[in-house]
A.B. asks: 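This is the structure, below, for whatever I ask next.
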Amino acid sequence: MKQRRVEAAGNPLLVQLRRLVQSPTAYRRQGRVWVEGEHLCAAAVARGVPVPMAVATDEALAHPALSGLARAAAELVTVPAAIFARLSALGSPAAIAFVLDAPPAQAPDRALPSLVLDGVQDAGNVGSLLRSASALGVRQVLAMTGTAGLWSPKVLRAGMGAHFGLRLCEGLAPGDLEGWPAPLVATSSHAHAALHEAALPPDATWVLGHEGQGVSPALQALCAHTVRIPQPGGEESLNVAAAGAICLYETLRRRLAAR
């Protein structure tokens, strides 16, 4: 493992990393992603993700668990705690981060159980949906153009490690889903069919839309079903991350019940 010390805030590497942390789309330009904190770093190592670089403070290296994570990297960059704090996007800097290679763009795998995100813009919602997808048996998430960057620092934090167990495809257009082998199912508060009563296919691919506008007309036209989630409490709508978790669980519940 290579190791080097960086102490100057104006060091070119630190300047690039600061941009990577602060911009939700910098990972596309730089071809790398910032993964901060013990939980996310450990999730990457557990999934066998190659780690080109770790950035850590001296305090982190004195901690057995964090030191072990740092040793998983091909290169270790040590920095003073004050420098790491200037890089960190967290209120309480985590003292260790990985700089990973951004996954290359890839086409959807039509054989995988999938979830479609159509213009979901809030990073917290997107990360939460990735986490629910991974937990409830989805293997692939397809993000249409206009969806928050899947590998942005905020989405990574909200995903809590789910990224490393999913196939993620970004920048898709409705045409990429034409002829999709599994029936596409959208949600709408105006739909007649209720989720618990609808005759849904066991291999449904859920389509979740923009927080305010919902699923786009072009993608809605490809959906075989549209259902609503009953809300007897009288709220106008559910948060998209909550709605997505309910829909994904309903599909899993029916699949398990059928066994």
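What's counted below: heavy atoms across the whole structure, side chains too, no hydrogens, waters or symmetry copies.
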A.B. asks: At what distance, to the nearest 0.5 angstrom, does CD1 of Ile229 lie from SG of Cys247?
C.D. replies: 4.0 Å
A.B. asks: Are side-chain heavy atoms of Trp180 and Thr205 found at a separation under 4.5 Å?
C.D. replies: yes
A.B. asks: Using a 3.5 Å distance criterion without hydrogens, assess whether the side chain of Arg139 forms a donor-acceptor pair with backbone atoms of Pro113.
C.D. replies: no
A.B. asks: Taking the side chain as C-beta and beyond, is there a heavy-atom pair between Leu172 and Pro108 under 4.5 Å?
C.D. replies: yes
A.B. asks: Can you confirm whether Val227 sits close enough to Trp206 that some side-chain heavy atom of one is under 4.5 Å from a side-chain heavy atom of the other?
C.D. replies: yes
A.B. asks: Tell me whether Leu112 shares a hydrophobic cluster with Val185, the cluster being built from Ile, Leu, Val, Met, Phe, Trp, Tyr side chains joined at under 4.5 Å.
C.D. replies: no
A.B. asks: Test side-chain contact (heavy atoms from CB on, under 4.5 Å) on Val77 and Leu17; report intermediate values, then the result.
C.D. replies: CA-CA 12 Å; Val77 178; Leu17 293 182; over 6 Å; no
A.B. asks: Does the side chain of Pro80 come within less than 4.5 Å of Arg5's, by heavy atoms?
C.D. replies: yes
A.B. asks: Is there a side-chain contact between Arg32 and Gln16, using heavy atoms and a 4.5 Å cut-off?
C.D. replies: yes
A.B. asks: Hydrophobic clustering (ILVMFWY, side-chain heavy atoms < 4.5 Å, transitive) - are Ile246 and Leu200 grouped together?
C.D. replies: yes
A.B. asks: Check for a donor-acceptor pair, side chain of Arg47 on one end and backbone N or O of Gly161 on the other, with a separation under 3.5 Å.
C.D. replies: no
A.B. asks: Do Gln121 and His210 have side chains that approach each other closer than 4.5 Å (heavy atoms only, starting at C-beta)?
C.D. replies: yes
A.B. asks: Rounded to the nearest 0.5 Å, what separates atom OH in Tyr249 from atom CG in Leu256?
C.D. replies: 7.5 Å
A.B. asks: Is there a side chain to side chain donor-acceptor pair (under 3.5 Å) between Asn125 and Glu211? Walk through the geometry before answering.
C.D. replies: CA-CA 9 Å; Asn125 284 338; Glu211 288 86 348; 3.2 Å; yes
A.B. asks: Would you say Arg255's side chain and Pro202's backbone share a donor-acceptor pair under 3.5 angstrom?
C.D. replies: yes
A.B. asks: Side chains of Arg71 and Ser67: any donor to acceptor distance under 3.5 Å?
C.D. replies: yes
A.B. asks: Does the side chain of Trp34 come within less than 4.5 Å of Leu156's, by heavy atoms?
C.D. replies: no
A.B. asks: Working to the nearest 0.5 angstrom, can you tell me the gap between His196 NE2 and Glu250 CD?
C.D. replies: 9.0 Å
A.B. asks: Does a salt bridge link Glu75 with Arg4, judged by any charged N lying under 4.0 Å from a carboxylate O?
C.D. replies: yes
A.B. asks: What verdict does the side-chain contact (heavy atoms from CB on, under 4.5 Å) test give for Thr147 and Glu170, after you've listed the backbone C-alpha separation in whole Å, the side-chain angles of each residue and the deciding distance to 0.1 Å?
C.D. replies: CA-CA 8 Å; Thr147 300; Glu170 292 190 287; over 6 Å; no
A.B. asks: Is a side-chain donor or acceptor of Gln140 paired with a backbone partner of Asp109 at a separation under 3.5 angstrom?
C.D. replies: yes
A.B. asks: Distance from Leu20 atom CG to Thr25 atom OG1, nearest 0.5 Å?
C.D. replies: 10.0 Å
A.B. asks: How many angstroms lie between SG in Cys169 and CG in Asp176, if you round to the nearest 0.5 Å?
C.D. replies: 9.5 Å
A.B. asks: Hey, does Phe164 have a side-chain heavy atom less than 4.5 Å from the side chain of Leu100?
C.D. replies: yes
A.B. asks: Nearest 0.5 Å, what's the CG-CD distance between Asp118 and Gln213?
C.D. replies: 10.0 Å
A.B. asks: Quick one: do His163 and Leu130 satisfy side-chain contact (heavy atoms from CB on, under 4.5 Å)? Show the steps, please.
C.D. replies: CA-CA 7 Å; His163 287 71; Leu130 265 58; 3.5 Å; yes
A.B. asks: How far apart are the C-alpha atoms of Leu40 and Phe98, what are their side-chain angles, what is the distance that settles it, and do they pass the side-chain contact (heavy atoms from CB on, under 4.5 Å) test?
C.D. replies: CA-CA 9 Å; Leu40 286 182; Phe98 285 166; over 6 Å; no
A.B. asks: Is it the case that the side chain of Ser134 and the backbone of Gly165 share a donor-acceptor pair, with hydrogens and angles ignored and the cut-off at 3.5 Å?
C.D. replies: no
